[in-house]
Novice: 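Have a look at this one.
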Amino acid sequence: MNYVATDKAAAAIGPYSQGVVSGGILYSSGQIPLTASGELVEGTIADQTHQVFSNLKAVLAEAGSSLGEVIKTTVFIKDMNDFAEMNEIYAAYFGDHKPARSTVEVARLPKDVKVEIEVIAKVNS
């Protein structure tokens, strides 16, 4: 296993890594809307979702992958009423690529954010 760490995304805020590559697959930790410097992006679900994707792209790049190689995503959302707006942004980042996805409304997320997303992706050797 290889651990993924990049300073272009928020550092892990606990005893875990930003991602792990094993067998040519990246398993990312859930990314929340923290900037690379650790500042929380407040604001709308749109603001937070854009920051989450910025973090995901950085972790993917560090692992030698990209959004186009994502196989599966899991979206944790605080309020399903925000789903349509989050989904529009999500769709814009993936374009024609349609990875498998689960979306779950949760009672609470770290730092009381509105969205957290994790990915599983193929790593280009």
Novice: Counting only heavy atoms not in Glu39 (residues, nucleotides, ligands), do more than 12 fall under 6.0 Å from its CD?
Specialist: no

Novice: Looking at Phe94, does the NZ or CZ of Arg101 lie under 6.0 angstrom from its six-membered ring centre and within 45 degrees of the ring axis?
Specialist: no

Novice: So do Gln18 and Asn55 actually touch side chain to side chain, heavy atoms under 4.5 Å?
Specialist: no

Novice: Considering residues at least two apart in sequence or located in another chain, which fulfil the side-chain contact (heavy atoms from CB on, under 4.5 Å) criterion with Glu85?
Specialist: Ile45, Ala46

Novice: More than 12 heavy atoms of other residues, nucleotides or ligands under 6.0 Å from NZ of Lys57: yes or no?
Specialist: no

Novice: Counting only heavy atoms not in Tyr16, do more than 12 sit closer than 6.0 Å to its OH atom?
Specialist: yes

Novice: Measure from the side-chain N and O atoms of Ser28 to the backbone N and O of Val119, and report whether any donor-acceptor pair falls under 3.5 Å.
Specialist: yes

Novice: Any heavy-atom pair between the side chains of Glu116 and Ile32 that's under 4.5 Å?
Specialist: yes

Novice: Should Leu26 and Glu69 count as side-chain neighbours, where that means a heavy-atom distance under 4.5 Å?
Specialist: no

Novice: Return yes if a side-chain donor-acceptor contact under 3.5 Å exists between Ser102 and Lys72, otherwise no.
Specialist: yes

Novice: Compare every heavy atom of Gln48 with every heavy atom of Val41, then report the nearest pair and how far apart it is.
Specialist: O-NE2, 3.1 Å

Novice: So if you build clusters from Ile, Leu, Val, Met, Phe, Trp, Tyr with side-chain heavy-atom gaps below 4.5 Å, do Val21 and Leu60 land together?
Specialist: yes

Novice: Taking only residues two or more places apart in sequence, or in another chain, which ones meet Ile25 in a side-chain contact (heavy atoms from CB on, under 4.5 Å)?
Specialist: Tyr27, Ile71, Ile120

